[in-house]
Amino acid sequence: MVTIAPYGTWTSPIGAADAAAAGGGPQWVDLHDGRPWWAEGRPAEGGRVALVRDGRDLLPPPWNARNRVHEYGGRPWVVLDTPEGTRVAFTNWDDQRVYLFDPDDPRPVPLSPEPERHHGLRYADLTAGPGHAEVWCVRETVTGDARTDVRRDLVALPLDGSPPRVLAASHHFMTGPRLSPDGRRFAWIGWDHPRMPWDGTELCVAEVGSPGHRVVAGGDTEAVCQVEWDGEDLLALTDPDGWWNLFRIRPDGTATNLAPCAQELGGPMWRLGNRWFAPLGGGRHAVLRSGALAVLDERSGTVTDVDVDLPVWHAHLAVHDGVVVSSAAGPLTEAAVVSLDLSTGELTEHTPAASPLPVDHLPVPEERLFPGPDGDVPAYVYPPRNPDFAGPDDEKPPYVVHVHGGPTGRCAPVLDAELAYLTSRGIGVVAVNYGGSTGYGRAFRERLREQWGVVDVRDCAAVARALADEGTADGDRLAIRGGSAGGWTSAASLTSVKTYRCGTVAFPILDLAGWTGAGGETHDFESRYVEGLVGPWPAAADRYAERSPSHRVGHLAGPVLLLQGLEDEICPPEQADRFARALDGTGIPHAYLTFEGEQHGFRKAETVVAALGAELSFYGQVFGFTPPGVPVLELRR
């Protein structure tokens, strides 16, 4: 029997704790001797990242396989074949050192030296050096007190305990080195401020032991995002024609696009060590076409989708004898470690793909294009869904615009338990891939150049208004939510348009001038990012001030919920602190929740539970419904 009840008041078996439990999942999947290995987030263990082989944990708590390079981290482990047997090197979160252990007798010992006083050392994108006698990686050295006092080198860490050796230091930012099969050369990708890695990078090659290097691809307006060796040749994902396609680069520097297509086979390098393609042999390569698994055949110049039930594969592709391993997900399935035999089509799940959440309560996304002021805007619409409830005939559901982070990122049609928490209670969600998002080519990404706080705001508002105009959403009960750059767009929207009644702003950027190298309120990796998004600093200082929500508190369209981790080095709490203080005494209902031990994005189960409960209570108070079983969030004015 279906109960008729106001939207937002529906009861649901999907609790905040269920959403928190789904917040971990596999990452950094790889293969060794044909066996899958991976890292796995554990929200119930304080957000630590475990190392797993064949479903078995290799390291007990408190070992935590994470690192802070670029603050977003990079590939934190590598398997080595040594004379003594299989060994694993990994980065440990607490001290950021590299450790080595025997997976059958896990007693880690430090491989990297203890940092000198006042100098923090971090390592990422670990790979095997010559003969597996060394770990090669990126080393990040914190040289001073400022967040931007950082230097990077490519280094070798010998397993015999010898001092680290610098391999190269070509650019301010670099990926981990990739050694050629014959051991004579190595390749890496580098770039410098003010470019971000999706703006322009250079593909470098050097002889082992030589101080020099040569650039074989890339530049100011071409972004190489992955490189692998194929015999004497290099295979590189790069975008000289505006789309990340796969190129073969010969030793003489000749580059050939193996399958020209107006589609993205690569992605943005937010973290070091992603793999969007992996060679299969015989001129065939496993690739990701906007997240879907496909096979590129360079002999025919074609890219063919693989028919598989999981539509979104993550950029951790590894192959062995025609078997592809990665993590994959779908609209009704959580991310799982899977392997696919391309010769038989057999899919093996190494972790459960089926969600423990009730399928009939999960939202099914509808992919749509909405007209926007700068062109079509892709979005995924998640209507309310609960088999036990329906809304009154005379009521339209409230809707929340979900804004992804980045802003050089995207929303994908995969199960998000936080969104299901809302939709199963009668609150619709629309996830918008506004201008600047990835997956649609360089021209679409560059719609946001110097237009951050304008194009993203307009696109999200256009989608929200379209849903209201067509009768899908209640136009008087629209909200916006997002974290990081999504928090920026949410706050910028609330302070510049009147589309929304309220918004949830998590670990946000709020003051553009502060979020620069000169302002000192962000980290080195993104300290010049805003120059491409807004304009050169300080020449565009007026624009920075005009768009910053921190300067526009008096223009707020409605109440705001602020959420902030207190150990966030990317979007530090100083900005949210100032915004909250400015709200006090304005009469605008608001709440500001902070969380100890959380960095950029929430990893602890208790944090996710508290944040989701607060968000639901917040919407109820603003939109005029009482969500059952949820503690009432206290709002200040």
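Only this structure's heavy atoms are used, side chains among them; waters, hydrogens and symmetry mates stay out.
By the 6.0 Å and 45° rule, Arg195 does not stack over the aromatic ring of Phe173.
Here ring-ring contact (aromatic ring centres under 6.0 Å, His included) pairs that include residues 202-239, with residues two or more places apart or in two chains, are Trp188-His213.
Side-chain atoms of Leu310 and Leu293, non-hydrogen and from C-beta on, never get closer than 4.5 Å to each other. With contacts defined as side-chain heavy-atom distances shorter than 4.5 Å, the pair Pro407/Tyr434 qualifies. The shortest side-chain heavy-atom distance between Pro163 and Pro113 does not fall under the 4.5 Å cut-off. You'll find the side chain of Ser112 stays beyond 4.5 Å of the side chain of Leu121, heavy atoms only. The shortest distance between side-chain heavy atoms of Cys411 and Ser437 does not fall below 4.5 Å. Within the 4.5 Å cutoff, side-chain heavy atoms of Leu203 are placed close to those of Ile249. Using a 4.5 Å heavy-atom cutoff, the side chains of Arg284 and Arg299 are in contact. A 4.5 Å side-chain heavy-atom check between Leu237 and Val224 finds every atom pair outside the cut-off.
A salt bridge links Asp239 to Arg442: one of the charged nitrogens lies within less than 4.0 Å of a carboxylate oxygen. The pair Asp54-Arg56 does not meet the salt-bridge criterion, since no charged nitrogen lies less than 4.0 angstrom from a carboxylate oxygen. The pair Arg445-Glu264 counts as a salt bridge, with a side-chain nitrogen and a carboxylate oxygen less than 4.0 angstrom apart. Electrostatic pairing of Arg53 and Asp33 does not count as a salt bridge here, judged by no charged N lying under 4.0 Å from a carboxylate O. Between Arg147 and Asp524, no side-chain nitrogen of the basic residue sits less than 4.0 Å from a carboxylate oxygen of the acidic one, so the salt-bridge criterion is not met.
For the pair Trp243 and Gly441, the tightest heavy-atom approach, listed with the atom from each and the gap, is CZ3-N, 3.3 Å. When every heavy atom of Ala328 is checked against every heavy atom of His314, the shortest pair comes out as N-ND1, 4.1 Å. Scanning all heavy atoms of the two residues, the minimum distance from Cys137 to Tyr123 falls at SG-CD2, 3.8 Å. What you find for Trp28 and Gly74 is that their closest heavy atoms are CZ2-C, 3.5 Å. Between His523 and His70, the shortest heavy-atom contact is CE1-O, 3.1 Å. Summarising the geometry of Met269 relative to Cys225, their closest heavy-atom pair is SD-O, 3.5 Å, with the distance given to 0.1 Å.
Test Glu71, Met174, Arg152, Arg151 against Glu140 for side chain to side chain contact (heavy atoms under 4.5 Å, CB included) and you get one pass: Arg152.
With rounding to the nearest 0.5 angstrom, the CG atom of Asp192 is 8.0 Å from the OG atom of Ser170. Separating the OG atom in Ser327 from the CD atom in Glu40 is a distance of 10.5 Å, to the nearest 0.5 Å. Going from atom CH2 of Trp270 over to atom CE of Met196 covers 5.0 Å, rounded to the nearest 0.5 Å. Atom CG of Leu51 is separated from atom CH2 of Trp38 by 11.0 Å, given to the nearest 0.5 angstrom. To the nearest 0.5 Å, atoms CG (Asp374) and CG (Asp456) are separated by 10.5 Å. Taking CZ from Phe507 and CD from Gln599, the interatomic distance works out to 11.5 Å, rounded to the nearest 0.5 Å.
Of the N and O atoms on the side chains of His350 and Ser339, at least one donor lies less than 3.5 Å from an acceptor on the other residue. Side chain to side chain, Thr86 and His32 fail the donor-acceptor criterion of an N or O pair below 3.5 Å. A side-chain donor-acceptor contact under 3.5 Å links Trp198 and Thr408.
Centroid-to-centroid, the aromatic rings of Trp63 and Phe101 stay 6.0 Å apart or farther. Taking the six-membered ring for Trp and the full ring otherwise, Trp488 and Trp515 have centroids separated by 6.0 Å or more.
A donor-acceptor contact shorter than 3.5 Å is absent between the side chain of Arg185 and the backbone of Gly183. In terms of modelled atom types and a separation under 3.5 Å, the side chain of Thr175 and the main chain of Leu272 share no donor-acceptor contact. Using a distance-only test at 3.5 Å, with no hydrogens or angles considered, no donor-acceptor pair links the side chain of Arg603 to the main chain of Gly47. Between the Glu134 side chain and the Ala156 main chain, no donor and acceptor come within less than 3.5 Å of each other. Using modelled atom types, no side-chain atom of Asp230 and backbone atom of Asp233 make a donor-acceptor pair closer than 3.5 Å. Proximity of a side-chain donor or acceptor of Gln96 to a complementary backbone N or O of Trp93 within less than 3.5 Å is detected. Judged purely by atom type and a 3.5 angstrom limit, Thr127 uses its side chain to pair as donor or acceptor with the backbone of Trp136. Counting only distance, with no hydrogens or angles, the side chain of Arg289 and the backbone of Val303 share a donor-acceptor pair below 3.5 Å. Between the Asp459 side chain and the Gly435 main chain, a donor and an acceptor come within less than 3.5 Å of each other. Between the side chain of His132 and the backbone N or O of Asp81 there is at least one donor-acceptor pair closer than 3.5 Å.
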Worked check of side-chain contact (heavy atoms from CB on, under 4.5 Å) between Tyr440 and Asp376 = CA-CA 11 Å; Tyr440 308 97; Asp376 287 341; over 6 Å; no

inquiry  = Working note: Asp252 + Arg250, criterion salt bridge (Lys or Arg N to Asp or Glu O under 4.0 Å); need CA distance, chi angles, decisive distance, verdict.
reply    = CA-CA 5 Å; Asp252 63 3; Arg250 304 287 185 183; over 6 Å; no

task = Take Tyr72 and Ile570 through the test side-chain contact (heavy atoms from CB on, under 4.5 Å) and record every step on the way to the result.
result = CA-CA 9 Å; Tyr72 291 102; Ile570 295 171; 3.4 Å; yes

task = Would you please test His285 and Leu265 for side-chain contact (heavy atoms from CB on, under 4.5 Å) and show each step?
result = CA-CA 11 Å; His285 311 275; Leu265 307 184; over 6 Å; no

task = Go through the steps to decide whether Val432 and Val403 satisfy the test side-chain contact (heavy atoms from CB on, under 4.5 Å), and finish with yes or no.
result = CA-CA 6 Å; Val432 181; Val403 190; over 6 Å; no

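Summarising the local packing, CG of Asp307 is surrounded by 12 or fewer heavy atoms from other residues, nucleotides or ligands at distances under 6.0 Å. The neighbour count for Asp309 CG, taken as heavy atoms of other residues, nucleotides or ligands under 6.0 Å away, does not exceed 12.
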